[in-house]
Amino acid sequence: MKIDIISIFPEVFEPVFSVGMSRLAQERGLIDINAHDLRDFTEDKHRQVDDEPYGGGPGMIMKPEPFFAALKSLVGESPFVLSGGHRTILLTPQGKKLNQKMLSEFSRAKHLVVLCGRYEGVDARVGTFVTDEVSLGDYVLSGGEIGAMVLVDSVGRLISGVLGGEASLDEESFSNGLLEYPQYTRPASWLGFEVPPVLTSGDHKAIREWRAARARFMTQTKRPDLLEERETDL
Ligand code: ADE
């Protein structure tokens with residue numbers, strides 16, 4: 001998968017994606033992540049990416065043309081009428097709240113272009129030429145860069161071949177709408193806390209059943225909202 005990120009701070013991505021899973025996935029040729037400077041897509045001498053809001057008000061608004069030019073250059077066609085395979089994603093607090101289901105959909109694209117806003121906001125017309133608007137949650141960040149890191153990291157690990165054991169994806173939190181069951185490693189006894197005996201019993205059927213019951217219980221007690229969502233999805 002090809003992933004392009006458009007930002008006025010492209011340098012912040014390098015240290016994040018040059019370690020761990022992202023690094024390995026890039027070295028294996030499974031993903032290709034590139035961050036681009038939005039200012040490279042301006043045409044004026046000052047490389048201006050923002051301007052005052054029409055109607056007045058505080059702060060500056062990011063102009064639509066540099067984003068449009070960047071997208072056009074990166075997808076090689078009009079951002080308004082994209083052929084399949086491309087997803088163009090604007091990070092904004094007004095977008096749809098990111099969840100594992102959306103990530104799974106994004107992970108099937110051939111090409112993701114992630115647009116990061118800054119300042120007080122982005123000209124509303126940018127929303128007319130992206131395929132998706134995504135929010136990290138109901139709070140305001142100072143820009144889309146951290147959101148882009150979250151998105152790229154969590155999509156990257158869903159791409160086939162990126163993680164060693166693909167089975168771990170089926171077991172992990174949210175993949176089936178539930179939190180993951182509790183996990184333990186050695187030592188079996190620590191500060192008087194014991195690992196549940198079923199996990200050391202060697203009885204695989206009992207372990208499976210215990211995990212399924214615990215996943216449901218943990219979700220019920222910690223995130224009952226997920227169970228409600230799951231009912232509506234089934
Ligand atoms: N930019 C500013 N706030 C944001 C949020 N909550 N999600 C995504 N992008 C943002």
Side-chain angles (χ1 to χ4, degrees), residues 1 3 16-17 19-25 30-31 33 87 89-110 112 114 131-141 144 146-234:
M1 174 190 275
I3 302 177
V16 174
F17 296 130
V19 296
M21 175 215 76
S22 310
R23 179 190 175 152
L24 271 177
L30 298 168
I31 49 178
I33 307 172
R87 294 295 279 255
I89 306 168
L90 174 67
L91 269 318
T92 162
Q94 288 158 20
K96 191 171 169 204
K97 213 187 290 179
L98 188 63
N99 61 34
Q100 198 67 26
K101 199 166 151 204
M102 288 155 75
L103 289 165
S104 154
E105 222 182 87
F106 293 151
S107 74
R108 283 184 225 119
K110 283 202 184 71
L112 295 186
V114 187
T131 61
D132 302 88
E133 293 184 64
V134 168
S135 168
L136 231 58
D138 294 337
Y139 43 83
V140 182
L141 296 161
I146 292 173
M149 290 173 192
V150 170
L151 179 71
V152 172
D153 181 273
S154 45
V155 164
R157 56 193 294 288
L158 298 181
I159 291 165
S160 182
V162 169
L163 291 186
E166 301 289 312
S168 64
L169 285 180
D170 298 331
E171 301 276 312
E172 72 183 7
S173 288
F174 309 115
S175 65
N176 58 3
L178 297 176
L179 296 181
E180 194 183 29
Y181 47 79
Q183 297 268 39
Y184 301 86
T185 185
R186 276 184 272 272
S189 174
W190 176 71
L191 297 181
F193 297 104
E194 309 294 329
V195 167
V198 63
L199 298 179
T200 51
S201 68
D203 181 342
H204 296 294
K205 180 163 175 283
I207 292 173
R208 256 197 320 278
E209 286 168 0
W210 180 87
R211 285 179 164 169
R214 291 302 295 174
R216 189 155 253 290
F217 176 76
M218 302 273 287
T219 312
Q220 182 79 64
T221 48
K222 293 187 175 183
R223 292 291 307 277
D225 56 302
L226 289 178
L227 289 178
E228 279 159 37
E229 257 173 56
R230 197 164 178 251
E231 297 299 311
T232 52
D233 277 1
L234 289 178

Verify, without hydrogens or angle tests, whether [X] (side chain) and [Y] (backbone) share a donor-acceptor contact under 3.5 angstrom.
X: Arg230; Y: Asn176; value: yes
X: Ser104; Y: Gln100; value: no
X: Ser173; Y: Glu180; value: yes

Please find the pair of heavy atoms, one from [X] and one from [Y], that lie closest to each other, and give the distance.
X: Pro224; Y: Lys222; result: CD-C, 3.5 Å
X: Ser107; Y: Leu158; result: CB-CB, 3.8 Å
X: Met21; Y: Val162; result: CG-CG1, 3.4 Å
X: Pro187; Y: Val195; result: O-CG2, 4.0 Å

Answer yes or no: are there more than 12 heavy-atom neighbours, outside [X] itself, under 6.0 Å from its atom [atom1]?
X: Gln94; atom1: CD; value: no
X: Phe217; atom1: CZ; value: no
X: Ile146; atom1: CD1; value: no

Distance check, rounded to the nearest 0.5 Å: [X] atom [atom1] versus [Y] atom [atom2]?
X: Tyr181; Y: Arg214; atom1: OH; atom2: CZ; result: 13.5 Å
X: Arg223; Y: Thr221; atom1: CZ; atom2: OG1; result: 11.5 Å
X: Leu226; Y: Thr219; atom1: CG; atom2: OG1; result: 6.5 Å
X: Ile89; Y: Leu112; atom1: CD1; atom2: CG; result: 4.5 Å
X: Arg23; Y: Ile31; atom1: CZ; atom2: CD1; result: 13.5 Å
X: Leu163; Y: Leu24; atom1: CG; atom2: CG; result: 10.0 Å

Kindly indicate whether the side chain of [X], heavy atoms from C-beta on, has any atom under 4.5 Å from the side chain of [Y].
X: Ile3; Y: Met1; answer: yes
X: Arg216; Y: Leu227; answer: yes
X: Leu91; Y: Leu141; answer: no
X: Leu199; Y: Trp210; answer: yes
X: Asp153; Y: Val16; answer: no

- Message: I'd like to know whether Arg211 forms a side-chain contact (heavy atoms from CB on, under 4.5 Å) with Gln183, so could you lay out the CA-CA distance, the side-chain angles of the two residues, the decisive distance to 0.1 Å, and finally the verdict.
- Response: CA-CA 9 Å; Arg211 285 179 164 169; Gln183 297 268 39; 3.7 Å; yes
Please output the side-chain donor-acceptor pairs of residues 132-140 that fall under 3.5 Å, not counting sequence neighbours, one pair per line with the distance.
| from | atom 1 | to | atom 2 | distance (Å) |
| --- | --- | --- | --- | --- |
| Asp132 | OD1 | Arg87 | NE | 2.9 |
| Asp132 | OD2 | Arg87 | NH2 | 2.9 |
| Ser135 | OG | Gly137 | N | 3.0 |
| Ser135 | OG | Gly137 | O | 3.0 |
| Asp138 | OD2 | Lys97 | NZ | 3.4 |
| Tyr139 | OH | Leu136 | O | 3.4 |

- Item | Electrostatic pair Glu209-Lys205, nearest N-O below 4.0 angstrom |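 Yes, charged N to carboxylate O under 4.0 Å.
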- Message: Run the side-chain contact (heavy atoms from CB on, under 4.5 Å) test on Asp203 and Val198 for me, step by step, so that the C-alpha distance in whole Å, both residues' side-chain angles and the decisive distance to 0.1 Å come before the verdict.
- Response: CA-CA 7 Å; Asp203 181 342; Val198 63; 5.8 Å; no
